[in-house]
Protein chains: 2
Amino acid sequence: MRRNVSRSDAARGDVYQIGDVAERVGLSLRTVRYYEEAGLLMPVGRTVGGFRLYDVDAIERLLLIRKMKPLGFTLEEMRSLLVLRDELATPGLAADTRAALQERLGTWVLLAEEKLSTLREQVSVAESFVGGLHDDAERTGGDAV
Amino acid sequence: MRRNVSRSDAARGDVYQIGDVAERVGLSLRTVRYYEEAGLLMPVGRTVGGFRLYDVDAIERLLLIRKMKPLGFTLEEMRSLLVLRDELATPGLAADTRAALQERLGTWVLLAEEKLSTLREQVSVAESFVGGLHDDAERTGGDAV
DNA sequence: GGACAACTCGACCCTAACGTCAGCGTAGGT
DNA sequence: ACCTACGCTGACGTTAGGGTCGAGTTGTCC
């Protein structure tokens, strides 16, 4: 008699309500709603009473978003990228259209790699800071050199 | 005839005004002022007309702050840490006082290392994302598998 | 067919860490 | 005296959510 599997296991084609989704991807309800407001994802539908309903694709999408976050993309940037991905995923696309989309994707790749390298720089900056902290903490006495 | 070397080279004991400082450390004027508001640093003085004046120590301090930022410390946390550092730097400190301060510094070290490891995790998440993006970009046709 | 707990809704205000703008005063050179 | 670059305060705007509210919705148990 399961109609929507809201609080249990799930097979293909099931829908989840927001709390379920939030828990699965490790975001707050508020955040998921906010992402919707920002145009990052839409629920596949609503219950009669207005509860949001999501499918597995939405969960995938949210996990993808979570992966982008460390790179410091703004929500607006993520929206653009996701839209682009969606466009590329539409079936039956003219070859030149597809090529154009893929070119645009290429610039995103470059941007992402740039951000990745600044992230790596930040790690080394952070490492040097932590190293310095260690030194401060181990300098036992007030006596200089 | 140089009185304060504001727009040129500088030797020991010189003071700088905010634009100079900002440029040297790579922060905006607004940010430097905001850090003051947040209690992270104070100018060593002001001109008669009210211009902030900083010394080399302030510049060092700002550079240190910049190193902390990638670790995701809040300004409040940085303030605490800087205050602690200042206390440790005061000369003629009783041995037990110093020990207590150093213990507190130890917890900061732990916290910083924790943050550093989450930062490293973020790098690997980001790497996997960029990798996936590459794949998306290279999947030439719409034909599956 | 009512009670009930758990869940969700939209709406609102709050926060950190700045960006940006306006209007006006300063510093220092000529 | 005047010019130009520089700085001041104060106020509002932005991003990415967090918290809280009263009110409505679901599924379940009797």
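Everything numeric here is computed off the predicted structure, so don't read it as measured data. In what follows, chains are A, B, ... by sequence order, proteins preceding strands, each numbered from 1.
Between L29(B) and R46(A), the residue anchored closer to the 5' end of DNA chain C is R46(A), taking for each the nucleotide with the nearest heavy atom. Nearest-nucleotide positions on DNA chain D place Y35(A) closer to the 5' end than the other of V48(A) and Y35(A).
Y54(B) has its OH atom 12 Å from the C1' atom of dC8(D), to the nearest Å. One atom, CD of E37(A), and another, P of dT15(D), lie 12 Å apart when rounded to the nearest Å. Spacing between atom CG of L27(B) and atom P of dC18(C) amounts to 8 Å, rounded to whole angstrom units.
Residue Q17(A) has no polar side-chain atom (N or O) positioned under 4.0 Å from OP1 or OP2 of dC7(C). OP1 or OP2 of dC8(D) sits under 4.0 Å from a side-chain N or O of R52(B). Between S28(B) and dC18(C), a side-chain N or O to OP1/OP2 separation shorter than 4.0 Å is absent. Put simply, Y34(B) has no side-chain N or O that comes within less than 4.0 Å of OP1 or OP2 on dA16(C). Contact annotation: T47(B) does not reach the phosphate of dG7(D) (side-chain N/O to OP1 or OP2, under 4.0 Å).
R104(B) has a carboxylate O that lies under 4.0 Å from a charged side-chain N of E87(B), or vice versa, which qualifies the two as a salt bridge. Between E36(B) and R46(B) there is a salt bridge, since at least one side-chain N of the basic residue sits less than 4.0 Å from a carboxylate O of the acidic one.
Going from atom CG of L29(B) over to atom CZ of R52(B) covers 9.5 Å, rounded to the nearest 0.5 Å. Taking CG of D55(A) as the reference point, atom OH of Y16(A) lies at 8.5 Å (rounded to 0.5 Å). Rounding to the nearest 0.5 Å places CD of E23(B) at 13.0 Å from OG of S28(B).
Ring orientation note: the planes of F73(B) and F129(A) are nearly perpendicular, at an angle over 60° on the 30°/60° scale.
Across all strands, R33(B) comes closer than 4.0 Å to base atoms (heavy-atom distances).
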Every protein N/O lying under 3.5 Å from an N/O of nucleotides 20-25 of chain C:
unit_1, atom_1, unit_2, atom_2, d
dT20(C), O4, R30(B), NE, 3.1

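Here the side chains of L82(A) and L41(A) are not in contact, with every heavy-atom distance at 4.5 Å or above. Taking 4.5 Å as the limit, some side-chain heavy atom of K115(B) sits within range of a side-chain heavy atom of E77(B). Between R61(B) and Y35(B), the closest side-chain pair of non-hydrogen atoms is not below 4.5 Å.
Comparing dG19(C), dA16(C), dC8(D) by their closest approach to the side chain of T31(B) singles out dG19(C).
DNA chain C lies under 4.0 Å from at least one heavy atom of each of the following residues of residues 58-85 of chain B: K69(B), T74(B), L75(B).
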